Amino acid sequence: MAGTVIAANWKMNKTTGQAIEFARGLKDALLKNPVAATVVIAPPFTGIGALATEFKDSNIFLAAQNMYPASQGAFTGEISGEMIVDAGCRYCIVGHSERRRLFGEDNAFINAKITAALHYGLMPIFCIGETLAERNSGATFMVLAEQLKEGLNKIPTNDIKKTVIAYEPVWAIGTGLTATPGQVQEAHLFIRNLLSEMYREKEAAGIPIIYGGSVTAANIGSLMAEQEINGALVGSASLELASFLAIVNFH
Ligand code: PEP
């Protein structure tokens with residue numbers, strides 16, 4: 001049975017001071033009221049060092065929002081997996097639809113990132129999801145299968161256990177449109193079954209499949225009531241402490 005993961009994707013938001021203020025509030029709240037879920041914060045790169053200090057000896061983990069697959073070299077503006085681990089991250093978001101759409105990342109490049117992340121001991125939070133046009137034309141499962149198979153190409157069974165899959169329908173990200181719990185459950189079941197075919201059933205059962213797309217305190221409860229939904233990747237609603245805490249305390 002997969003564990004629960006609630007991850008905050010802050011995208012390009014928060015100065016270091018703002019990140020520290022949030023981190024202190026989160027840490028205090030979770031010390032007073034611990035939660036069973038694994039809580040992950042993905043700040044911009046500039047906030048990682050400071051938050052690593054804040055979250056030292058806590059149960060809150062850090063994720064980078066992106067990485068470059070090469071280990072070092074002439075890649076101006078890029079950050080390697082080794083640097084991300086060194087800065088204090090346990091996870092790295094890979095394949096987010098904003099990176100696919102705005103920066104032209106394709107499945108092969110995402111596969112290179114996942115491979116490199118695992119090589120450095122980072123746990124990838126691997127995002128997949130269909131556009132509205134793809135859903136409306138009945139192509140959702142085909143798109144999910146292609147992204148999953150190409151993104152996980154040559155990732156061995158031992159490494160898949162360290163991966164989190166985030167189902168993020170593109171039409172639900174930052175739009176206020178949430179997929180219904182039934183739609184998410186259906187997609188997650190498809191992903192779980194495909195993972196069982198690609199790997200062994202036992203390993204597939206242990207992989208957290210989390211949902212992202214306009215998750216809020218108001219809808220997290222009904223999403224988490226579905227058997228195959230193992231958590232959430234939260235954008236907008238993770239920027240305010242009260243709102244993120246309400247999501248983390250979804251029970
Ligand atoms: C995201 O960017 O991963 C996301 C899910 O954003 P939002 O919650 O704002 O839809």
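Just follow the structure's listing: the first ligand is 1, and inside any ligand the first atom is 1. What you see is a predicted model; the values in this text were computed from it and never measured.
Between Ser80 and Ala70 the shortest heavy-atom distance is CB-O, 3.5 Å.
Counting only residues at least two apart or on different chains, the side chain to side chain donor-acceptor pair (under 3.5 Å) pairs with a member in residues 18-28 are Thr15-Gln18, Arg24-Glu54. Sorted by first and then second residue, the pairs that involve residues 60-73 and meet side chain to side chain donor-acceptor pair (under 3.5 Å), not counting sequence neighbours, are Asn66-Lys113.
Phe22 and Phe244 have tilted rings, their planes meeting at an angle from 30° to 60° on a 0 to 90° scale.
Contact shell of ligand 1 (protein heavy atoms, cutoff 4.0 Å): Asn9, Lys11, His96, Glu168, Ala172, Ile173, Gly174, Gly212, Gly213, Ser214, Leu233, Val234, Gly235, Ser236.
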Acceptor/donor pairs from residues 228-238 side chains to any protein atom, 3.5 angstrom cut, sequence neighbours excluded:
| residue | atom | partner | partner atom | Å |
| --- | --- | --- | --- | --- |
| Glu228 | OE1 | Arg192 | NE | 2.7 |
| Glu228 | OE1 | Arg192 | NH2 | 3.1 |
| Asn230 | OD1 | Arg192 | NH2 | 2.7 |
| Asn230 | OD1 | Ile209 | N | 3.0 |
| Ser238 | OG | Val234 | O | 3.2 |
| Ser238 | OG | Gly235 | O | 2.7 |

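Under the 3.5 Å distance criterion, the side-chain polar atoms of Thr157 are left unmatched by any main-chain donor or acceptor of Tyr199.
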